[in-house]
There are 2 protein chains.
Amino acid sequence: MKKYIGKKKQVYLEEHSIANLFSFPVEDYIEVHEYQRNDWIIQESMRPDFLFYVIEGKAKIYITHQNGKVSLINFINANEYIGEMELLHDVYYTKGIQASTKTICFALPTHYYRKQLLEDAKFLRELTKFLSVKATEMAAKYTQSLAFPLENRLADFILQTADERIYKERHVTVCDYLGVSYRHLQHVLRQFCDKGYLQKEGRNYQIKQFHSLKELAQVLQN
Amino acid sequence: MKKYIGKKKQVYLEEHSIANLFSFPVEDYIEVHEYQRNDWIIQESMRPDFLFYVIEGKAKIYITHQNGKVSLINFINANEYIGEMELLHDVYYTKGIQASTKTICFALPTHYYRKQLLEDAKFLRELTKFLSVKATEMAAKYTQSLAFPLENRLADFILQTADERIYKERHVTVCDYLGVSYRHLQHVLRQFCDKGYLQKEGRNYQIKQFHSLKELAQVLQN
DNA sequence: GAAATAATAGGAGATATCTCTTATTTTGAG
DNA sequence: CTCAAAATAAGAGATATCTCCTATTATTTC
């Protein structure tokens, strides 16, 4: 992790206005952190000392279960919070957060700002919206995972993540995210290829029948 | 649904202080609603006109999927909100909320109070905590459902809901909640009986080997 | 209180998904 | 650039879970 100081810090503070996040000044103790791909922003079960707000990049929330299985709970993108659970709750099992690209965050030392943050309607309103979206997304993912086989959920995921009709997520990440075994993911991807929905190109897959995938994905939605 | 008026309403307002929920007066337009078991407090896809706060009782959040499967997303208990998603978001797919016992709620017409509520730090702070707990719970349920078979999740559910060592939830509710088929739920319950963990008594089950269930349930936790 | 509806019970067979294993290819650290 | 570690690929067999079906027993409704 790198901590930006001096001019570089100033540039980030100026270019990413935090005036719409908080209604009190945080310049005194705010920090700007940069994490490299695969760095751990927060380690599992280690309570963080900061509330983070992601400016650039993308990260992953992981939890390790007692049976050794690892779940990728969700992705975190720019303009989202990290460490808000610990800010709100004295007792909380901290999940692991790993940068999946270079990630730059504002970091507010909760020691200094916790009290003020919890009094600030502007901050709380944004956080409330953020959390309500998260809760809704998790509920959707939960019920979808129980109501539909991988075929449907994978089709949805492929359409969401494909770039220019090319799907190129790593299988290991996807099976943690969709909660299935590596072997099964391979099996369903193979089916998609056999049916002509996808065409394998080295490590990537090209979408050949968009509408077929769309049809599979659509049944998830309301 | 019954709307309490006059003295009855006053009694509820006095006995369940809302002074710790809002920092502005809501007496003018607040209502007190009573729902009977199985009444729909909110119907799926019908945007509600109120923000509810449950005073007494218990309700269930349902969503119906396109394939006809119904998921019981979660239970709602006393001192929890209903309709907060619609308060926060203009666009939201409204889930169905059904009373599972007689349920009494405060009902704030959002038409009158929305603006003020979204400015009120006291309200927002409580709602933020509520939502963060919900998001965490949903994430836990989601990852557990993917990482563990029904055996473990059912053991946990039995221990959580059993009263005096007697488990008496309705199977239809439980399979919507745990996201498995009725048939499979029966199958695993039968296994628990065969192994001597439970003993069937009419419709109910008596817990015979607490520690065995505990062992199965414990692997879910962190 | 009888008829309709919902819940429980369980057989039989299908399928979605997992575990274990072995081999090859790619990536990352030094 | 090299070697170890991680990711990919895929066979084979096990098991968790589902669908469909048919009875029987509660519960609700008129």
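To find a chain, count down the sequence lines: A is the first, B the second, and so on, and within it residues start at 1.
Separating the CG atom of A:D176 from the P atom of C:dT17 is a distance of 16 Å, rounded to the nearest angstrom. In this entry the distance linking NZ of A:K168 with P of C:dT26 reads 16 Å, nearest Å. Atom CG of A:N204 is separated from atom C1' of D:dA9 by 16 Å (rounded to the nearest Å). Atoms CD (B:Q191) and C1' (D:dA16) sit 10 Å apart, rounded to a whole Å. Whole-Å rounding puts the A:R183 CZ to D:dA9 P distance at 11 Å. Separating the CD atom of A:E151 from the P atom of C:dT17 is a distance of 9 Å, rounded to the nearest angstrom. Put simply, CG on B:L185 is 12 Å from C1' on C:dA9, counting in whole angstrom units. If you take CG of B:N67 and P of D:dC20, they are 12 Å apart, rounded to a whole angstrom.
Remark on DNA chain D: of its neighbouring residues B:N38 and B:R153, the 5'-side contact belongs to B:R153, judged by nearest-heavy-atom nucleotide. Nucleotides of DNA chain D nearest to A:L146 and A:R203 differ in position, and the one nearer the 5' end is that of A:R203.
If you look at A:Y53 and A:H16, their ring centroids are not closer than 6.0 Å. The ring of B:F50 has its center no closer than 6.0 angstrom to the ring center of B:F106. Centroid-to-centroid, the aromatic rings of A:Y4 and A:Y12 come within less than 6.0 Å. You'll find the ring centres of B:F157 and B:Y177 inside the 6.0 Å limit. A ring-centre distance under 6.0 Å is not found for B:F192 and B:Y205.
At C:dT8, one or more side-chain N or O atoms of B:Y182 fall inside 4.0 Å of OP1 or OP2 (strictly under the cut-off). OP1 or OP2 of C:dA9 has not a single side-chain nitrogen or oxygen of B:R190 nearer than 4.0 Å. Note on B:H187: every side-chain N or O is 4.0 Å or more away from OP1 and OP2 of C:dG11.
Listed nucleotides: C:dA16, C:dA7, C:dA9. Nearest to the side chain of B:K200: C:dA9. In this structure, of D:dA16, D:dC18, C:dC18, it is C:dC18 that holds the atom nearest to the side chain of A:S181. Picking from C:dG10, D:dT8, C:dT19 the nucleotide with the shortest atom distance to the side chain of B:Q186 gives C:dG10.
Residue B:H184 is in base contact, counting any heavy-atom pair closer than 4.0 Å across all strands shown.
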